[in-house]
Amino acid sequence: MIRLEHVYKSYENGTQALNDLSITLEDGEFAFLVGPSGSGKSTIIKLITGEISCTEGEVIVNGYDMSRISRRRMPRHRRLLGVIFQDFRLIENKSVYENVALAMRIAGASGKEIKERVPYVLSLVGLEDMMHAMPRQLSGGEQQRVAIARALVNNPKVIIADEPTGNIDPELSADIMTLLTKINELGATVLVVTHEKDLVNQFAKRVIRIANGRLVSDGNGWYIA
Amino acid sequence: MSMNRIGYYLKEGICGVFDHGLMSFATVCMIVSTLLLMGGFSLLAVNINKIIADLESQNQVAAYVDENLSDEEAEALGGKLLEVGNVASVTFITREQAMESFLSQYEDNSLFEDIDASVFRNRFIVNLEDLGLMETTARNLADVPGIVKVSAHLEISRGFITVRGIVNAVSWAIVGLLLVVSMFIMSNTIKLTTFARRNEIAIIKMMGASNGFIRWPFTVEGMFMGLMGSCVAFMLLWALYTLLARKVAASALGFLKIIPFGGISLYVLGAFVGVGLAVGVFGSRVAIRSYLRV
């Protein structure tokens, strides 16, 4: 579960990124977080992943209070999250297999578990034949699918996708989104940050709209900018 | 720590050296050059110390025996002299041997044809353990009944002690300084390699890696580079030292006894490996520290 309760966030340069924002995502929910550039979407992701902490309010993720979480607990918290980035963030000098396996190594999986699980997860995203390819040999859509496989491999409770279709062809965007909805159907809570109105409107899911760090609307249905 | 994880750290660390070949090469070169400088200077200091010690051992004390004692009584004093503290060995010189030694100093010794051995005293040549205690030892030797005079070159011994002290202080100060400088240079060189990999570190950190998980491959990489650097530096120093020792032996300085490399090679290798590993580990851990605060 993700809960943001009356959250304020101001940066050192004086920017007020979030202003009394409250959002709750129950376990197993799927939601789009939409809004224009500078609306505070990235700040919300950073608060959830623990890169920054809020100035005021409460951010609770999977039971961890993010303003009180210790440095020692942070890695454990992040292992319960699967984060997908717009720029994929794959490790360039590692193969597709190694990129996905790394997430399992970090979580402390055994060699046997890795050998069994990685090919299975890669087959879920349709990349079982490209296991030994290097990221630079893949298209943008394929690289994003590797990033999804990496996010999925440890069975995280929560998947955060930050503009997952921002760097790929529009025709592949729907495929990626369909994949994320399937992951949600398997039980994971999924939060997709995007500003692609058309894409959001193809899926009848919850849409949380923010602007200037404030909640504008929150409900199922269409994204009307 | 599981074997799977140890294997991963080793593989990542060693692959990291080759994946970032140019930076690794620069780091290894840095380790080699600093170790060569440190090693070269240390060997120079060790050799100077050895040469001074050799010269010191030639600085002996002469203890003259009362002429009223018979040759047998005089020789018997040797045991008492050996009981004096700081005495390493004593050699008995008879009156006749003393005269022969005296005459051998002159090419034309016809002037001393009529000289009789009885004008010389029986004596002992005394070698000391520590030249710094020469003055006290000479006094103690003079106190032995039957010894009438002790001759010791105190000024020369003081000179040796001063030179050895200066050489020791200067050489260890320079070696220490070079060690600090090499640590600093190493850490900066490794900082450059980690700077190029800061994105990779940030990604892994975001995936939930602990600081230890990120740090270990870099530590292994540092150790591996330190080990490579120390082995290369050792072989280069061996070759250079042997070459230089041969040149010295063939030159006008041939009388200087240079320590053979074979006799000290294990110490040099041990010191190089120790310093190389320490510099590699310390350098990599310092370099990565700032990138772990994500």
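Sequence lines set the chain letters: A, B, ... in the order given, protein chains first and strands last, and positions in each chain run from 1. These numbers were taken from a predicted model, which means no experiment stands behind them.
Interface residue B:Ile204: backbone and side-chain heavy atoms are both found under 4.5 Å from chain A. In this structure, chain B has a heavy atom under 4.5 Å from the side chain of A:Ile114, while its backbone stays farther away. Neither the backbone nor the side chain of A:Asp87 comes within contact range of chain B; no heavy atom of the residue lies under 4.5 Å from a heavy atom of that chain. Interface remark: A:Ala109 contributes backbone atoms only to the contact with chain B (heavy atom separation under 4.5 Å). Residue contact with chain B, scored on non-hydrogen atoms closer than 4.5 Å, involves the side chain of A:Glu98 exclusively.
If you look at B:Phe261 and B:Phe234, their ring centroids are closer than 6.0 Å.
With chain B as the partner, the residue from A:Arg150, A:Glu92, A:Arg72 showing the most heavy-atom pairs under 4.5 Å is A:Arg150.
Judged purely by distance below 3.5 Å, without hydrogens or angles, the side chains of A:Tyr11 and A:Thr43 pair a donor atom with an acceptor atom. Checked by atom type, the side-chain pair A:Asn62/A:Arg76 shows no donor-acceptor distance below 3.5 Å.
Within the model, atoms CZ of A:Arg68 and OG of A:Ser53 stand 12.0 Å from one another, a figure rounded to the nearest 0.5 Å.
Atom CZ of B:Arg198 is surrounded by more than 12 heavy atoms from other residues, nucleotides or ligands within 6.0 Å.
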